[in-house]
Colleague: 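Please see the structure below; I have some questions.
So that the names make sense, note that chain A is the first sequence line, chain B the second, and so on, each numbered from 1.
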Number of protein chains: 2
Amino acid sequence: MIHKHANATDVANLAGVSRSAVSRTFTEGASVSPETRAKVMEAAEELGYRVNFLARSLIRQRSELVALVVSDMDHSFRAALVDLLSRKLVAKGFRPVLLPWSEGDEPRQLIDMMLQYNLSGAIVTSDTPPAEIAADAARHGVPLVLVNKASVDSRVAHVNQDADAAGHLAAMALFEAGCQNIVYAGQARPSFSIDSRRASFLMAVATLGMTHRSTVTGGAQNHAGGMRAAQAFLEQGIAADGVYCCNDFFALGFLDGLRGSGIRVPHDLAIVGCDDIVEASWPAYDLTSVRQDTDEIAEACMRALADRIADPHSIAPRILTESTLVRRGSTARKLLGG
Amino acid sequence: MIHKHANATDVANLAGVSRSAVSRTFTEGASVSPETRAKVMEAAEELGYRVNFLARSLIRQRSELVALVVSDMDHSFRAALVDLLSRKLVAKGFRPVLLPWSEGDEPRQLIDMMLQYNLSGAIVTSDTPPAEIAADAARHGVPLVLVNKASVDSRVAHVNQDADAAGHLAAMALFEAGCQNIVYAGQARPSFSIDSRRASFLMAVATLGMTHRSTVTGGAQNHAGGMRAAQAFLEQGIAADGVYCCNDFFALGFLDGLRGSGIRVPHDLAIVGCDDIVEASWPAYDLTSVRQDTDEIAEACMRALADRIADPHSIAPRILTESTLVRRGSTARKLLGG
DNA sequence: GGTGCCGATGCACACCTGTGCAAAGGGTTT
DNA sequence: AAACCCTTTGCACAGGTGTGCATCGGCACC
């Protein structure tokens, strides 16, 4: 048998109070006497009453929904971040709406959603820069948090990896491993987070007295791209003893691309990645990596979102997240006495 | 400047028609003359009008929101499935609300959501069986689709891997590799999808004349669990030439756990996993696997959901998804002339 | 006892849309 | 010309809730 879902009016009738009393019972900070609240709660329990959030959101002009815009979810760094973000959002009473993003998608979809659902906010971890989205969000007063993206609007919050520190850590790892001739491996297509890490890495390489020999690219920033980059590296016969890859996924592909070539890691070639995804720690790879703490990033997103919701018109925060170096076998040359 | 979001009434005034005409213009299958529709569209464009889905959902008693309940999103099979599901849902006009699920979470959260947001439906890919959820969903007429879970209610749709076929394929892969003495490796905690695959695998092992030597376990069904299982396998000195792992993530850990032990894969020991996650194809592992086609699963979920929405009171469909064997190096013993 | 204050309560409006119903209008058939 | 049908349109109600405002009752204080 299908129960018709109970109304606030139904509860009010059963409890012998006005509907306002019911509403106030379920509204934080409203003024209700303990006795009325008790009566209401009892009646609500009996009827299985639940506040209708659609109606609540309609009148409050704000829903508990938060858009989670994400591309490349098959990348485990992204998957881990989405997992953490959705957990933290739910813990705070929000509802994350997952909006998968593909290269070349119309930004209209997100803008539509912001208005159609009175979103509480949106968190964007996609790599393609949706400039219009930022402007529209700001114009309509929808809190927006961008992760690892170039800053586009002073009313939009940003959570970015400290690219300078990250690039420096990567260079330092290769330096400590005794490297002199460095190769940077990454994708061809420009991307804000990747490009800024690359710039600061190259600067640190120079500062530490190492030489940037060459840059190899390999299509997308994933495993296949890394394999292709390794192939290019081998074919060009570049004389290098250290490689920094744009991210871990790519670095794992690079390592796989070297298999069977006779080049030994780390003895002949030290390798460093970025992100510290879980696969980097697996024995088959044992990859040294510049760790991005997904928990810290997610936490920063929550802070930024709360800030925007509390005061949407103030200047938006820009939070820098720290990176740490996780030393593993792929840069252990010195320890091996090489 | 913050635009007050335009009303249907605003659009009606600007277009010189009634509000009903505006509503009908944006309602599929409603009766509006082409001229009125044109006038309305023009006015809507000018005001940047968008239908408020909260109000629409409120009156239609049904929102476009679909709950996506998922645990272990750090498992790349799950991440890939969630990615596909959310893409397909969005393509059909739904909005996936991500509800991360942890072992031991209260099912109340999902039930609340079903009623508070007038969900169009829910897709559950979590492993822990929320029996109450199924009953409540059926009682309130909310379409529910369970993926790889035991059947709990005839009004709930199921999308399950054909476990018999999958178990048979795994056994066949080991048989073709020339194996005789088989070990099953998996987690200790019971799980419907894993357990049913195990049962049919063991039956096929017997049918093909091979011997099930032993079962080793290793905590959770992830990489760490696989490594621990390999350790146990080595310590117990089990005489086996073939291993079937409960899933790929676990199998990769098992392979990593064997490194340095002197056991060569596939020469001394053939290994088969299940799921065919992307990492299985990486050269470092080159794992033979029983493939679960995530696209087929996601497509089946969409069909099941559509079926439930169209006719919530009919008997729910049970869709079996096919598995295929992806042969790779970890069972290539015969080809090597071993 | 009168006055002022404060918390609790109910009324009524607002949030924004979909749709049944009746009416209107135009075209076709008898 | 009347009768009929079909498409289009507007009115008004429904969906379920939050909250400002006025009212009311009780309590403290002078």
Colleague: Looking only at atom types and distance, does a side-chain atom of A:Ser63 sit under 3.5 Å from a main-chain N or O of A:Asn118, one as donor and one as acceptor?
Modeller: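 Yes.
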Colleague: Given atom CG of A:Leu54 and atom C1' of D:dG18, what is their separation to the nearest angstrom?
Modeller: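 Distance check: A:Leu54 CG to D:dG18 C1' gives 15 Å.
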Colleague: Keeping B:His75 on the side-chain end and B:Phe77 on the backbone end, is there a donor-acceptor pair under 3.5 Å?
Modeller: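 Here the side-chain-to-backbone pair exists.
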Colleague: Is a donor from one side chain sitting under 3.5 angstrom from an acceptor on the other, for A:Arg87 and B:Ser102?
Modeller: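 Short answer, yes.
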Colleague: Has A:Arg78 got a side-chain atom pairing as donor or acceptor with A:Ser71's backbone, closer than 3.5 angstrom?
Modeller: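 At least one qualifying donor-acceptor pair exists.
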Colleague: Would you kindly give the CG-to-P distance between A:Asn13 and C:dG10, to the nearest whole Å?
Modeller: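 One finds 12 Å between P of C:dG10 and CG of A:Asn13, rounded.
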Colleague: Would you kindly give the CZ-to-C1' distance between B:Arg37 and D:dT9, to the nearest whole Å?
Modeller: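 Taking CZ of B:Arg37 and C1' of D:dT9, I get 14 Å after rounding.
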Colleague: List, one per line, each side-chain donor-acceptor pair under 3.5 Å for residues 43-53 of chain B, sequence neighbours excluded.
Modeller:
unit_1, atom_1, unit_2, atom_2, d
B:Arg50, NE, A:Asp112, OD1, 2.5
B:Arg50, NH2, A:Asp112, OD1, 3.1
B:Asn52, OD1, B:Leu54, N, 2.8
B:Asn52, OD1, B:Ala55, N, 3.2

Colleague: Can you check whether B:Ser31 has a side-chain N or O nearer than 4.0 Å to OP1 or OP2 of D:dT9?
Modeller: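 Checking D:dT9 against B:Ser31, no side-chain N or O comes under 4.0 Å of OP1 or OP2.
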Colleague: How sharply is the helix from C:dG1-D:dC30 to C:dT30-D:dA1 bent, taking the axes over five pairs at either end and rounding to 10 degrees?
Modeller: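 End-to-end axis angle for the helix from C:dG1-D:dC30 to C:dT30-D:dA1: 40°, rounded to 10°.
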Colleague: Taking atom types as modelled, find out whether A:Arg155 and A:Ser314 have a side-chain donor-acceptor pair closer than 3.5 angstrom.
Modeller: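 A:Arg155 vs A:Ser314: no donor-acceptor pair found between side chains.
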Colleague: Calculate the interatomic distance between A:Glu28 atom CD and D:dT17 atom C1'; express it in whole Å.
Modeller: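 Rounded to whole Å, this separation is 17 Å.
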Colleague: For B:Asp136, is there an ion pair with B:Arg108 - N to carboxylate O distance below 4.0 angstrom?
Modeller: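 Not counted as a salt bridge, because no side-chain N and carboxylate O are separated by less than 4.0 Å.
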Colleague: Which heavy-atom pair separates B:Glu296 from B:Leu320 by the least distance, and what is that distance?
Modeller: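 For B:Glu296 and B:Leu320, the tightest heavy-atom pair comes out as OE2-O, 4.4 Å.
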Colleague: Using atom NZ of B:Lys39 as one end and atom P of D:dT8 as the other, report the distance to the nearest whole Å.
Modeller: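 Taking NZ of B:Lys39 and P of D:dT8, I get 14 Å after rounding.
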Colleague: Assign B:Ser57 to base, sugar-phosphate, or nothing according to its heavy-atom contacts below 4.0 angstrom with the strands shown.
Modeller: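 If one applies the 4.0 Å heavy-atom cut-off, B:Ser57 turns out to touch nothing in the nucleic acid.
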Colleague: Treat primed atoms plus P, OP1 and OP2 as sugar-phosphate and everything else as base, then score nucleotides 11-20 of chain C 5' to 3': B for base contact with protein heavy atoms under 4.0 Å, S for sugar-phosphate contact only, - for none.
Modeller: BB-BBBBBBB
